[in-house]
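One structure is given below, encoded as C-alpha cells.
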Amino acid sequence: MAMFQTLPGFRDFYPEDLARRNHIFRIWRQTASAFGFVEYDTPVLEPLDLYRAKSGDEIEAQLFSFLDKGKREVALRPEMTPSVCRLVGERAGSLKRPIKWFSIAEFYRYERMQKGRGRCFFQLNADIFGEAGPEAEIELIALQIQCIRAFGLTDKDFCVRLSDRTLWFHFLGSLGLDETRIRALLGAVDKHERNGDAAFKGYEEAFGPLDAGLKAGVLSFLSVRSFEALERALGGAGAEAAKARLDDWRKLLGGLEAMGLRDYVQVDLSVVRGLAYYTGFVFEAFDRKDELRALAGGGRYDDLVGKLGGSELPAVGFAIGDMTFALLLEERGLTPVISQAPDIYCVIGGAAERRAAFADIHGLRSMGYRVEYPMREVAFGKQFKAAADSGARIALIYGGDELAKGIVKMRDLGDRTEREFPAGGVTAAVREFFGSG
RNA sequence: GCGGUCAUAGCUCAGUUGGUUAGAGCACAAGAUUGUGAAUCUUGGGGUCGCGGGUUCGAGUCCCGUUGGCCGCCCCA
C-alpha cells in the first residue's frame with residue numbers, strides 16, 4: 001500500500017495511460033488545426049473574482065479556491081471560457097477576425113466523483129470570436145463532430161443535439177412572460193429530461209402555480225425534434241424576429257448538410273443548457289445509447305466578452321472533456337493500443353563489444369530511431385528474448401565474433417532472418433531497412 | 001452536501017463456526033541455459049489484510065468509527 005494516495009478525484013497517469021491521453025490530444029490538436037484554429041494557453045491559477053463575475057457567488061462551492069501567501073483570493077481554473085474572454089477582450093481591437101482559437105488544458109472542480117467525472121479533467125476548448133452569424137456555429141459544430149468522428153465513431157455512436165435559446169425567448173415572450181420568468185422556465189426545461197414535471201417545482205415556488213395552457217405550450221415546444229416541427233411550432237407565434245431566426249437555422253442546417261454532417265445533428269429543443277449566459281444556439285454531443293453523460297457541449301455567448309474582457313464581441317464555443325470521451329472509446333473498442341516499442345534492440349557481448357555498440361547506438365538515436373539495449377551484461381539467450389519482447393523490429397548484434405570480424409549482424413525480429421554489415425555500415429543499413437519497410 | 005455498496009500482493013481473487021508463521025494464478029526478477037525468441041521447471045522479491053479503536057485467550061474474519069474506490073442524488077461552467 002502506497003504511503004500517500006492521490007487526492008480524491010485526481011488521477012495518476014502511468015505510461016500506458018498517458019500514451020492514450022496523448023493520442024486523444026494529438027488528434028484533437030490536428031483536427032482543430034485543420035479547421036484553422038490556433039492554440040493558446042492561460043494560467044492554471046486565476047483570481048477568484050474572474051469566476052464570480054461570470055457565474056456568481058454560488059460557484060465557489062465547486063471551486064478549488066484559497067488565499068495565496070499574498071492574501072489574494074485565487075482559484076484553480078474550473079473552465080476556460082472566462083480566461084479566453086479576457087485574452088480576446090484585451091486585444092479585441094488588434095486581432096484579425098474571425099478569431100478562431102483552441103486550447104487543451106486541465107481543469108479542477110471540487111465535486112463529488114462520478115462515472116465520467118472527476119475533480120480534475122482535460123478539455124479541448126474551441127471558440128470563435130467576432131462572428132455574429134450562424135456561420136460560426138457551422139464551423140464549431142463541424143469541428144465538434146470531427147473531433148469525435150476522427151477516432152472512428154460514427155453517427156451510429158453519437159449525435160449533436162441542437163437547440164436555440166433565442167427561439168425559446170421568442171416563444172415564451174410571445175406567451176407574455178417577462179425575462180425573469182423565461183429564465184426560470186428555461187431552468188425547468190433543462191431539468192425536464194431528468195426530472196419530468198418535477199422540474200417545474202422551482203418555477204412554481206417562485207411564481208406560483210404554472211398555468212395549464214402555458215405548461216402545455218412549454219412541453220410541446222421542448223418536444224420539437226425536427227426543423228419542420230420547429231417551423232410549425234412557431235407558426236402561431238408569428239413574430240417577424242422569430243421568422244428571421246428560422247433563416248439562421250436554415251443556414252446552419254444547410255451548411256452542415258453541405259459538409260455531409262447532417263446525420264450527426266439532431267434538432268432537440270429540450271436542450272437549453274443550464275448556463276444563463278448562453279444567448280443563442282446551444283448544442284451538446286451525446287452517445288446514441290444515452291448511457292453516458294454529455295460528451296461535449298457549447299453554444300453562443302455574445303455578452304460574456306464584454307462582461308469579462310471589456311470589449312463587446314460576439315462569441316460561440318464548445319468544450320469536449322477527456323473522461324466521458326475516453327469511456328465511450330473504451331465501450332466501442334476504439335481505445336488505441338499505442339506502441340511505445342523501440343525500433344531497434346541491441347544485443348551486446350562484453351565490455352569491448354559494448355563500447356563498439358555505444359557509438360552506433362548514439363548515432364542512431366541522434367537520427368531519431370528508438371534504440372534500446374540491456375544496461376547490464378546479460379546472457380545472449382535472455383537478450384534475444386528481451387529483444388523480441390521489447391517489440392523492436394530489428395536487433396543489432398554486437399558479439400565477440402562480430403567484433404573480431406569487424407561486422408555487425410542485423411536480425412529481423414519478424415522473420416528471424418539475419419544479415420551482416422561492415423561495422424561502419426550499420427546506420428546506412430538501418431536506414432535502408434526502415435526506409436523500405 | 002446526501003444515499004447505496006465495496007476495500008486481502010502491481011492485477012484478478014481464495015481465505016471454513018474467530019484458531020499455528022495469510023495463500024493461488026497472472027505479472028515482475030534470478031537460475032536451470034555465457035550465441036539466438038512463444039515452452040517447462042526451480043527459486044525469489046513484493047502484504048502493518050485501507051486506517052484507527054473495541055470484543056476475545058486469540059480478529060483478514062465479529063462490532064463501532066474513519067479514509068478511500070465504485071454507483072446514484074444535488075450540481076454539472
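All values derive from a computational prediction rather than experimental measurement. Proteins come first, then strands; the chains are lettered A, B, ... in the order of their sequence lines, and each starts at number 1.
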Which whole-number value in Å describes the distance from [X] [atom1] to [N] [atom2]?
{"X": "A/E372", "N": "B/G37", "atom1": "CD", "atom2": "P", "answer": "20 Å"}
{"X": "A/L327", "N": "B/C70", "atom1": "CG", "atom2": "P", "answer": "11 Å"}
{"X": "A/I348", "N": "B/U36", "atom1": "CD1", "atom2": "P", "answer": "18 Å"}
{"X": "A/K382", "N": "B/G37", "atom1": "NZ", "atom2": "P", "answer": "12 Å"}
{"X": "A/M410", "N": "B/G37", "atom1": "CE", "atom2": "P", "answer": "19 Å"}
{"X": "A/Y51", "N": "B/C75", "atom1": "OH", "atom2": "P", "answer": "23 Å"}
{"X": "A/L7", "N": "B/U67", "atom1": "CG", "atom2": "P", "answer": "14 Å"}
{"X": "A/R376", "N": "B/G31", "atom1": "CZ", "atom2": "C1'", "answer": "13 Å"}

Take A/F37 and A/W101, measure what ring-ring contact (aromatic ring centres under 6.0 Å, His included) needs, and give me the verdict at the end.
-> CA-CA 5 Å; A/F37 286 69; A/W101 284 10; over 10 Å; no
Between [options], which nucleotide gets closest to the side-chain atoms of [X]?
{"X": "A/R293", "options": "B/C76, B/C70, B/U36", "answer": "B/C76"}
{"X": "A/K409", "options": "B/G68, B/G72, B/G35", "answer": "B/G35"}
{"X": "A/F384", "options": "B/G35, B/U36, B/G68", "answer": "B/U36"}
{"X": "A/K115", "options": "B/C74, B/C71, B/G35", "answer": "B/C71"}

Within the structure, does a side-chain N or O atom of A/Q5 lie under 4.0 Å from either OP1 or OP2 of B/U67?
->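 It does not, given that no N or O in the side chain of A/Q5 lies less than 4.0 Å from OP1 or OP2 of B/U67.
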Consecutive-pair stems (3 or more, Watson-Crick or G-U, under 3.5 Å) for RNA chain B = B:1-7 with B:67-73, B:10-13 with B:23-26, B:28-32 with B:40-44, B:50-54 with B:62-66
According to the side chain to side chain donor-acceptor pair (under 3.5 Å) rule, which pairs have a member within [range], sequence neighbours left out?
{"range": "residues 293-305 of chain A", "result": "A/Q114-A/R293, A/D127-A/Y301, A/E137-A/R300, A/R300-A/D302"}
{"range": "residues 310-328 of chain A", "result": "A/R11-A/D322"}
{"range": "residues 344-361 of chain A", "result": "A/D360-A/Y398"}

[atom1] atoms of [N] and [M], separation to the nearest Å:
{"N": "B/G45", "M": "B/U55", "atom1": "P", "result": "37 Å"}
{"N": "B/G52", "M": "B/C71", "atom1": "P", "result": "28 Å"}
{"N": "B/G47", "M": "B/G60", "atom1": "C1'", "result": "11 Å"}
{"N": "B/U48", "M": "B/A9", "atom1": "C1'", "result": "13 Å"}
{"N": "B/U5", "M": "B/G50", "atom1": "C1'", "result": "16 Å"}
{"N": "B/G58", "M": "B/U21", "atom1": "C1'", "result": "15 Å"}
{"N": "B/U33", "M": "B/A27", "atom1": "P", "result": "23 Å"}
{"N": "B/C63", "M": "B/G19", "atom1": "P", "result": "15 Å"}

So does A/R109 reach the base of B/C75 with its side chain, donor to acceptor, closer than 3.5 Å?
-> no
Has the side chain of A/R411 got a donor or acceptor atom sitting under 3.5 Å from an opposite partner on the base of B/G35?
-> no
Report which part of the nucleic acid [X] touches: base, sugar-phosphate, or nothing (heavy-atom distance under 4.0 Å, all strands).
{"X": "A/Q123", "result": "nothing"}
{"X": "A/G349", "result": "nothing"}
{"X": "A/G299", "result": "nothing"}
{"X": "A/P8", "result": "sugar-phosphate"}
{"X": "A/Q114", "result": "base"}
{"X": "A/M113", "result": "sugar-phosphate"}

Check each residue of residues 191-207 of chain A for a non-hydrogen atom within less than 4.0 Å of any atom in RNA chain B, then write out the ones that pass by number, or none.
->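 Output list: A/K191, A/R194, A/N195.
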Near RNA chain B, which residues from residues 413-426 of chain A have a heavy atom under 4.0 Å away?
-> A/L413, A/R416, A/E418
How would you list, by chain and number, every residue that makes a side chain to side chain donor-acceptor pair (under 3.5 Å) with [X], sequence neighbours excluded?
{"X": "A/E284", "value": "A/R273"}
{"X": "A/R112", "value": "none"}
{"X": "A/E291", "value": "none"}
{"X": "A/R225", "value": "A/D268"}

Is the A/H23 ring parallel, tilted or perpendicular to the A/F151 ring (thresholds 30°, 60°)?
->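 Because their plane-to-plane angle is over 60°, the rings of A/H23 and A/F151 count as perpendicular.
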Counterpart residues, salt bridge (Lys or Arg N to Asp or Glu O under 4.0 Å), relative to A/K100 (two or more places apart) | A/E139
Flag for A/E106-A/Y108: side-chain donor and acceptor within less than 3.5 Å = yes
Does one side chain, of A/T31 or A/Q146, offer a donor that lies under 3.5 Å from an acceptor on the other?
->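 Result is no, nothing qualifies.
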Thinking salt bridges, do A/E193 and A/R161 make one under a 4.0 Å N-O criterion?
-> yes
Under the ring-ring contact (aromatic ring centres under 6.0 Å, His included) test, which residues partner A/F66, sequence neighbours left out?
-> none
Residue closer to the 5' end of RNA chain B, A/D401 versus A/E111 (nearest nucleotide) =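 Upstream on the strand: A/D401.
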